[in-house]
Amino acid sequence: MKIVVDYDLCEANGVCVDLCEDVFVLSDDDELSIVAHEVTEARRAVLTEAARMCPRGALSLVETDPT
Ligand code: SF4
């Protein structure tokens with residue numbers, strides 16, 4: 001499973017960054033980057049919360065092909 005952002009929806013308000021700074025990073029020119037896409041067990045809860053809290057609905061957890 002991985003976390004993805006829809007850049008057409010993201011408004012770079014930093015809500016996800018506040019929740020998980022080691023996954024989401026805002027650049028100086030307000031561009032969001034995801035620096036760790038993989039949803040590990042340790043991060044599952046916080047990434048699920050980030051997707052739920054994103055005011056733009058821009059974050060999704062998607063299944064990855066196991067092969
Ligand atoms: S919380 Fe949503 S809208 Fe805000 S920076 Fe993160 S992905 Fe973008």
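Each ligand, and each atom within it, is numbered from 1 in the order the structure gives.
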Is the distance from atom 8 (Fe) of ligand 1 to some N, O or S atom of C54 under 2.8 Å? no
Could you tell me if the side chain of V5 sits less than 4.5 Å from the side chain of F24, heavy atoms only? no
C16, portion touching ligand 1 at heavy-atom distance under 4.0 Å: both
Between L59 and C16 the two heavy atoms that sit nearest each other are CD1-CB, 3.8 Å
Heavy atoms only, cut-off 4.0 Å: how does N13 contact ligand 1, side chain, backbone, both, or neither? both
Lys/Arg N to Asp/Glu carboxylate O, R43 vs D22, below 4.0 Å: yes
Kindly check if the number of other-residue, nucleotide or ligand heavy atoms within 6.0 Å of CG (D28) is above 12? no
For atom 5 (S) of ligand 1, what is the nearest protein heavy atom, given as residue, atom name and distance? G14 N, 3.5 Å
Strictly distance-based, threshold 3.5 Å: is any side-chain N or O of Y7 a donor or acceptor partner for the main-chain N or O of L32? yes
Atoms of ligand 1 under 4.0 Å from any heavy atom of C10, numbered from 1 in the order shown, are 3 (S), 5 (S), 7 (S), 8 (Fe)
